[in-house]
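Read the structure below first, then the notes.
Whatever order the structure lists them in is the order used to number ligands and atoms, beginning at 1.
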Amino acid sequence: MKVLCIETSCDETAVSILEFNEVGGKTEAKILSNVIRSQIELHKEYGGVYPSLAKREHAKNLPPIFIENLKAAKLYSTILTNYRMPEDKKKIVEKMLERESEMADEIFKIAEVIEKPDIDYIAVTTGPGLEPALWVGINFAKALHLMWNIPVVPVNHMEGHILSTLIDSNNKETQTINLDGVKFPALALLISGGHTELVLIKNWLEYQKIGATKDDAIGEAFDKVARLLGLPYPGGPKVSELARSGVKRPDIKLPRPMIDSPNYDFSFSGIKTSVLYLTQRLGELDDQTKKDIAREFEEAVTEVLVKKTRDAIDEFGIETLIIGGGVSANTFIKSEMQKLVTENFPNTAILFPDQHLSTDNSIMIGIAGYFQIMSGKKIPPFETVKANSNWSL
Ligand code: KG4
Ligand code: ZN
């Protein structure tokens, strides 16, 4: 089964084509093509993602990236006959893409020159994320549906982050999706630029959110602290790099927000304010001081994550801990989580995404789409597929 995967929920335009095969009781996912176009450089000057700019870039990039994928996957063949998209369908696409008329024109060109590719499903992120950005991917998927009658499978971005950890790969072309690696109940700690949540997973595709951030997401806190330290967006990886050579200092102390609250919720906006006060008190920051602040910040937020995760593993008798989302690329958080499990819960398995799948990508969207397809749940009629910017698991 071949699945076209589309992700446009934030600042990456990501498209891939995956081929799934069930081989000897295992699911294999072959990556036929994979392209990610990052908009980070464009958003840098705003210090964060600027939604209308993200939308415009997605609309500009999607058609060429799609064609790039078809070519890489060897699914690109040109039509000899002079095909035109039927007028009634063309009208729907025109209306749908009223405000992305250039993308609509590109789609009509595709319809005229490219033969329907051998693709069985289109998996597209429909939420959570930036609504205008999500719509671009969704409308592109719908236009392809109208053109070629390929079913559109809506995918939850966070489910993608969870399932991305099942891939057993070393960057090989064929990846195995390791279902045996998960025993239930499982717990997902989702840490990204938009989310910080703990999700209890009683069985495949059965999610129950047990806690979440009350304000900023952890990635957002990393990015804001980076800004206070004079580092460019997205600052998470930079803060983490600085933290590595930071040292503990009695005059650099930050709170561990909500660490003792009797629930699984988080709060990260206060700590960013504490960093602001700290920088104001310390005056001109030399390089070593920046490193020391980064270290204390990373330690503070990690302690909170570890404490809440530990409590949840205890309370729910968790057999598998899954850590997903962009911030799961953080090596300190990774090693502390590994330590938590090794020292306290030796029977609990722990899963992280491969480094190249930890931040946003479309491969995880394809895997989540495949799970939806295989679950036997009905695929909703394409007219009902819409952006759901706050879609919660
Ligand atoms: O999952 P993701 O790519 O996008 C969202 O869905 O939000 O996560 C992006 C976030 C950004 O805030 C970025 O600064 C953070 O992940 N991030 C990191 C690291 N790598 C990415 N934060 C801390 N340490 C890292 N190594
Ligand atoms: Zn994400």
Side-chain angles (χ1 to χ4, degrees), residues 5-14 36-40 43-44 46-49 51 54 58 125-131 133-134 137 155-165 188-197 199 212-213 216-229 231-244 246 268-269 271-272 275 294-295 297-302 304-305 322-337 352-368 389-393:
C5 325
I6 302 174
E7 154 65 40
T8 64
S9 70
C10 192
D11 59 351
E12 323 274 358
T13 315
I36 301 187
R37 193 82 79 243
S38 171
Q39 305 175 3
I40 284 175
H43 294 289
K44 250 184 190 159
Y46 303 96
V49 182
H58 287 312
T125 306
T126 58
L130 302 170
E131 177 144 351
L134 289 164
V155 170
N156 182 302
H157 180 88
M158 301 318 286
E159 185 166 44
H161 276 304
I162 292 177
L163 298 178
S164 70
T165 60
L189 172 67
L190 298 174
I191 41 180
S192 72
H195 291 81
T196 307
E197 51 196 43
V199 179
T213 181
D216 290 356
I218 183 165
E220 209 175 336
F222 265 96
D223 295 337
K224 286 178 176 165
V225 166
R227 198 138 43 126
L228 291 172
L229 298 180
L231 305 165
Y233 173 83
K238 289 264 166 42
V239 169
S240 157
E241 199 184 305
L242 289 190
R244 250 174 263 158
F268 294 110
S269 76
I271 190 160
K272 155 202 90 193
V275 174
R295 179 196 159 131
F297 167 74
E298 194 174 69
E299 233 171 67
V301 294
T302 306
V304 178
L305 293 180
I322 292 171
I323 319 258
V327 182
S328 72
N330 183 290
T331 43
F332 183 68
I333 294 177
K334 257 186 173 158
S335 69
E336 290 298 297
M337 286 293 170
F352 298 102
D354 276 3
Q355 201 70 15
H356 74 291
L357 293 179
S358 58
T359 47
D360 289 350
N361 63 85
S362 62
I363 291 173
M364 67 182 198
I365 301 308
I367 293 167
S389 57
N390 296 315
W391 188 5
S392 178
L393 279 176

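- Between His161 and Asp360 the shortest side-chain heavy-atom distance falls below 4.5 Å.
- Between the side chains of Thr302 and Glu336, no donor-acceptor pair of N or O atoms lies under 3.5 Å.
- When Pro237, Gly235, Pro128 are checked for heavy-atom proximity to atom 25 (C) of ligand 1, Pro237 turns out nearest.
- Looking only at its N/O/S atoms, Asp360 has OD1 as the one nearest to the Zn ion (ligand 2).
- For the atom pair CG of Asp216 and NZ of Lys224, the computed distance is 3.5 Å after rounding to the nearest 0.5 Å.
- At a 4.0 Å cut-off, at least one heavy atom of His161 sits close enough to ligand 1 to count as contact.
- For atom 15 (C) of ligand 1, the nearest non-hydrogen atom from the set Asp360, Asn361, Asn330, Val327 belongs to Val327.
- Near His157, with a cut-off below 4.0 Å to any heavy atom, the atoms of ligand 1 are 6 (O).
- The closest protein non-hydrogen atom to atom 22 (N) of ligand 1 is Gly236 CA, 3.5 Å.
- Of the inter-residue distances, the one linking Met364 atom CE with Ile162 atom CD1 reads 10.5 Å to the nearest 0.5 angstrom.
- Near Thr359, meaning under 4.0 Å from any of its heavy atoms, are these atoms of ligand 1: 3 (O).
- In terms of distance to the Zn ion (ligand 2), the nearest N, O or S atom of His157 is named NE2.
- Of all atoms in ligand 1, listed by their number and element, those nearer than 4.0 Å to a heavy atom of Gly219 are 12 (O).
- The shortest side-chain heavy-atom distance between Arg244 and Thr331 falls under the 4.5 Å cut-off.
- The two residues Gly193 and Ala217 come nearest to each other via the heavy atoms O-CB, 3.5 Å.
- Inclusion of His161 in the first shell of the Zn ion (ligand 2) is supported: an N, O or S atom falls under 2.8 Å.
- For the pair Ser358 and Ser328, the minimum side-chain heavy-atom distance is below 4.5 Å.
- For atom 14 (O) of ligand 1, the nearest non-hydrogen atom of the protein is Asp223 OD1, 2.6 Å.
- Near Gly194, meaning under 4.0 Å from one of its heavy atoms, ligand 1 places the atoms 7 (O).
- Inspection of the His58 and Thr13 side chains reveals an N or O donor paired with an N or O acceptor under 3.5 Å.
- Here atom 1 (O) of ligand 1 lies nearest to Gly326 when heavy atoms of Pro353, Ser358, Gly326 are compared.
- In this structure, the ring of Phe297 has its center less than 6.0 angstrom from the ring center of Phe222.
- When only non-hydrogen protein atoms are considered, atom 9 (C) of ligand 1 lies nearest to Gly193 N, 3.8 Å.
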